[in-house]
Amino acid sequence: MNKDEVAQILNEIGTLLELKGENPFKTRAYVNAARTLEGMTESLEKVVTENRLGEIKGFGEALQDKITKLVTTGSLPYYDELKASIPPGLLEMLGVPGLGPKKVKALYEKLNITTLDELDAACKAGKVAGLDGFGEKTQQKICEGITFRRTYASRHLLSDALVLAEPILDSLRSHPDVIRCSTAGSLRRNKEVIGDIDFLASSKNPTAVIEFFCQQPGILNTSAKGDTKASVILPGGIQADLRVVSDSEFPFALAYFTGSKEHNIVMRQRAINRGLRLNEYGLFRSDVETRDPLLLVPCKTEEEIFAQLDLAYVPPELREDHGEFLAAEKNEIPRLIEWTELKGSLHNHSNWSDGRNSLEEIARHMSDLGCAYWAITDHSKSSPQANGLYPERLRQQLVEVCKINERFAAEANEFRLLTGSEVDILAGGKLDFEDDLLAELDVVVASIHHRFSEGEAETTKRLIAAAENPYVHMLGHLTGRLLLEREPYKVNQHAVIDACAATGTWIELNGCPDRLDMDWRLWHYATSIGVRCVINCDAHRLESAGFLRLGAGVARKGWLTKADVINTLPLPDLMVELKKKRGKTG
DNA sequence: GCCGTTTTCGGCCCGACTGTTTTCAGTCG
């Protein structure tokens with residue numbers, strides 16, 4: 001069993017223990033261990049074999065034993081028994097807003113409710129309101145929560161949230177009573193999938209700001225409205241929360257509500273270690289919780305809060321407790337990539353395969369946007385569903401691209417279309433085109449579009465074989481995942497990354513809102529062994545050029561800098577890099 | 001279940017909000 005599978009089981013044990021009413025700190029020990037595994041770059045099997053699990057913080061005797069069993073035997077009797085003791089429907093009930101482990105447990109024990117449907121029926125029959133600790137309002141809220149979950153997914157793509165959040169943010173900033181305003185939460189951290197949208201504002205007149213917020217266009221429903229906080233539902237069922245604080249509290253509240261939760265726990269602990277206390281209201285010279293303004297360590301910005309805790313500023317994207325504290329202590333937080341540093345995309349489609357626009361349209365549009373280059377990498381012949389090109393048509397396309405580039409040159413426009421292919425990786429790792437054809441192309445992206453259900457070993461082998469081809473510049477969308485829709489195919493990503501490092505193959509960060517693949521959690525490892533990134537649009541229409549910005553946002557979560565990303569290079573330098581792996585010069 | 005120049009036991013981040021209570025438990029972030 002690999003480490004992702006083990007992590008998933010540890011997470012599930014944590015949830016099951018919560019439902020059993022176990023000690024919450026025991027629960028947390030399992031969840032923390034799962035997170036540690038997810039962030040681990042070494043092979044878990046190797047660590048287990050070498051008996052080094054105990055060296056990892058948070059892995060005591062019990063966890064070492066359980067993890068070892070899972071890795072070596074693929075099963076864990078403790079987990080099986082735990083799982084068998086709890087009806088599976090209870091896990092689903094936890095997803096209803098307002099229902100936590102204690103309430104779910106009570107519903108199960110007192111009313112024998114084990115599924116969402118039974119819960120819905122019990123609420124409608126008025127049985128839930130009579131339970132201790134429940135009442136009419138709780139019953140009604142549960143009913144609404146079930147309906148909400150059925151109507152809308154509770155998780156949303158980052159891009160969908162950004163489109164809704166940005167106009168509201170602009171609007172709030174323009175309000176005369178708003179002093180400072182920002183998004184917070186997972187949206188500010190550029191998480192690829194978010195739960196809700198958080199806004200934070202500072203003002204001397206919170207009521208007016210709250211009122212203004214609740215009147216923003218597009219709001220479907222106002223679910224809560226108080227003096228300093230309001231929640232509304234936006235189109236698509238996305239919940240948006242606004243909190244209003246005083247301007248002196250703003251930096252503390254911003255840091256607090258930006259999270260992540262894991263990052264905040266370490267920040268608080270650092271404060272405690274320095275005889276201070278950190279919460280959303282301030283940083284206080286006190287060893288007990290307080291909001292006494294006389295004890296406040298004044299900070300005007302988040303930068304100053306970090307400085308008080310002997311840390312360099314940590315950009316929001318890095319606040320995941322994924323190594324940012326170690327780096328910030330040593331003042332080694334990198335200058336992260338900005339999307340404006342990208343010069344073009346190296347994986348895109350035209351109407352020659354499954355894209356919408358002609359080569360000429362694409363070239364004009366991307367040139368007008370200020371791009372220096374744009375590669376056309378239409379599908380290859382084994383993707384007939386995407387109208388993949390046969391060698392003959394691809395060679396015709398090269399002639400067309402050449403003509404367009406000549407026209408641009410005649411106009412003294414330095415923009416260039418690059419030729420290319422998104423070549424299918426077939427069974428066994430063979431590519432859909434012969435090497436002599438690939439050698440004629442400026443850019444070759446190799447991607448998997450078939451045989452998703454092959455085993456991990458086989459898929460890994462295919463990707464490594466593609467990386468070993470001297471004409472393949474980069475691997476496209478490494479796991480094939482579609483966020484909130486399709487699971488990634490099984491692949492040992494670390495092994496593929498290692499192969500890319502060994503062969504000088506780049507890895508794509510696909511900027512499509514539902515891909516954002518390879519995942520940000522793996523880039524720190526990839527760049528640490530010398531793998532470079534290409535942030536691509538995988539554009540099928542002109543508007544997809546905006547995916548450069550989205551991709552760069554998520555790239556920042558992976559600690560990527562301008563130097564790590566190939567398509568920040570100007571055209572002449574890019575052309576040099578494109579020839580390196582093929583052993584040519586200049 | 002983990003952890004330890006306060007410790008091998010007794011902590012583990014902590015405040016707001018909600019609803020149910022009439023002082024607090026549960027949930028959420």
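What you see is a predicted model; the values in this text were computed from it and never measured. Every chain is numbered from 1 and lettered A, B, ... according to where its sequence line falls, protein lines coming before strand lines.
Taking the six-membered ring where tryptophan is involved, the planes of A:Phe199 and A:Phe213 are perpendicular, since the angle between them exceeds 60° and thus also 30°. Ring orientation note: the planes of A:Phe212 and A:His175 are tilted relative to one another, at an angle of 30° to 60°.
Using the Watson-Crick or G-U wobble rule with both distances under 3.5 Å, B:dT8 pairs with nothing in any strand shown.
Taking only side-chain atoms of A:Lys141, from C-beta outward, the nucleotide of B:dG1, B:dG19, B:dC17 with the closest atom is B:dG19. With distances taken from any side-chain atom of A:Asp196 to the nucleotides B:dG29, B:dG15, B:dC12, the minimum falls on B:dG29. Which of B:dC14, B:dC2, B:dA16 sits closest to the side chain of A:Glu280 comes down to B:dA16. Out of B:dC17, B:dC3, B:dG1, the shortest distance to the side chain of A:Phe25 is found at B:dG1. Checking B:dC13, B:dG15, B:dG1 against the side-chain heavy atoms of A:Asn279 singles out B:dG15 as nearest. Checking B:dC2, B:dG26, B:dG15 against the side-chain heavy atoms of A:Tyr281 singles out B:dG15 as nearest. For A:Arg268, the listed nucleotide lying nearest its side chain is B:dC13; candidates were B:dC3, B:dG26, B:dC13. For A:Lys137, whose side chain is taken as the heavy atoms from C-beta onward, the closest listed nucleotide among B:dT20, B:dG1, B:dG15 is B:dT20. Comparing B:dC13, B:dT27, B:dC12 against the side chain of A:Ile272 picks out B:dC13 as the nearest.
Salt bridge A:Glu280/A:Arg243: absent, no basic N to carboxylate O contact under 4.0 Å. A salt bridge links A:Arg549 to A:Glu166: at least one charged side-chain nitrogen sits closer than 4.0 Å to a carboxylate oxygen.
Atom-to-atom, CG of A:Leu276 to C1' of B:dC14 comes out at 16 Å; the value is rounded to the nearest Å. In this entry the distance linking CD1 of A:Ile265 with C1' of B:dG15 reads 14 Å, nearest Å. Going from atom CG of A:Asp132 over to atom C1' of B:dC24 covers 13 Å, rounded to whole Å. To the nearest angstrom, C1' of B:dG1 lies 16 Å from CD1 of A:Ile56. Atom CZ of A:Phe257 and atom P of B:dG29 are 11 Å apart (whole Å). When the P atom of B:dG10 is taken as reference, atom CG of A:Asn23 falls 14 Å away, rounded to whole Å. Atom CG in A:Asp65 sits about 10 Å away from atom P in B:dC2, given to the nearest Å. Straight-line distance from the CZ atom of A:Arg189 to the P atom of B:dG29: 12 Å, rounded to whole Å.
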Next on the checklist: Set out, in order, the CA-CA distance, both residues' side-chain angles and the distance that settles salt bridge (Lys or Arg N to Asp or Glu O under 4.0 Å) for A:Lys225 and A:Glu211, then state yes or no.
Outcome noted: CA-CA 9 Å; A:Lys225 190 166 138 187; A:Glu211 194 54 45; 3.0 Å; yes
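Taking side-chain N and O atoms only, A:Lys261 has no distance below 4.0 Å to OP1 or OP2 of B:dC14. For A:Arg277 and B:dC14, the shortest distance from a side-chain N or O to OP1 or OP2 is below 4.0 Å. Contact annotation: A:Arg28 reaches the phosphate of B:dC13 (side-chain N/O to OP1 or OP2, under 4.0 Å). At B:dG1, none of the side-chain N or O atoms of A:Thr27 fall inside 4.0 Å of OP1 or OP2 (strictly under the cut-off).
A 4.5 Å side-chain heavy-atom check between A:Trp559 and A:Thr527 finds every atom pair outside the cut-off.
Rounded to a whole angstrom, the distance from the P atom of B:dG15 to that of B:dC2 is 27 Å. B:dT20 and B:dA25 are spaced 9 Å apart, taking the C1' atom of each and rounding to whole Å. One C1' atom belongs to B:dC3, the other to B:dT8, and the distance between them is 9 Å to the nearest Å. Here, B:dG1 and B:dT6 have their P atoms 28 Å apart, quoted to the whole Å. Rounded to the nearest Å, the gap between the C1' atom of B:dT23 and that of B:dC17 is 16 Å. Using P as the reference atom, B:dG11 and B:dA16 are 23 Å apart when rounded to the nearest Å.
Note on A:Lys105: nothing from the nucleic acid sits closer than 4.0 angstrom, heavy atoms only. Contact annotation for A:Leu99: backbone-only contact, meaning every heavy-atom pair under 4.0 Å involves sugar-phosphate atoms and none involves a base. No engagement by A:Pro24 is indicated, since no non-hydrogen atom pair under 4.0 Å with the nucleic acid exists. When heavy atoms are screened at a 4.0 angstrom cut-off, A:Glu22 is found touching no nucleic acid atom at all.
In terms of position along DNA chain B, the nucleotide closest to A:Lys229 lies nearer the 5' end than the nucleotide closest to the other residue of the pair A:Lys229 and A:Phe134. Of the two residues near DNA chain B, A:Phe59 and A:Lys225, the one whose nearest nucleotide lies more 5' is A:Phe59.
Annotation: proximity of residues 119-130 of chain A to DNA chain B (heavy atom, distance under 4.0 Å) is found for no residue.
Listed by chain and number, the residues in a side chain to side chain contact (heavy atoms under 4.5 Å, CB included) with A:Ser528 are A:Tyr525 (sequence neighbours excluded).
When each of A:Ile238, A:Leu162, A:Ile194, A:Leu483 is tested with A:Leu157 by the rule side-chain contact (heavy atoms from CB on, under 4.5 Å), just one qualifies, namely A:Leu483.
In this structure, A:Lys66 is not positioned above the aromatic face of A:Tyr79 in the sense of NZ or CZ being under 6.0 Å from the six-membered ring centre and within 45° of the axis.
For the pair A:Pro101 and A:Leu94, the tightest heavy-atom approach, listed with the atom from each and the gap, is N-CD2, 3.5 Å.
Between the side chain of A:Asn264 and the base of B:dG29, no donor-acceptor pair under 3.5 Å is found.
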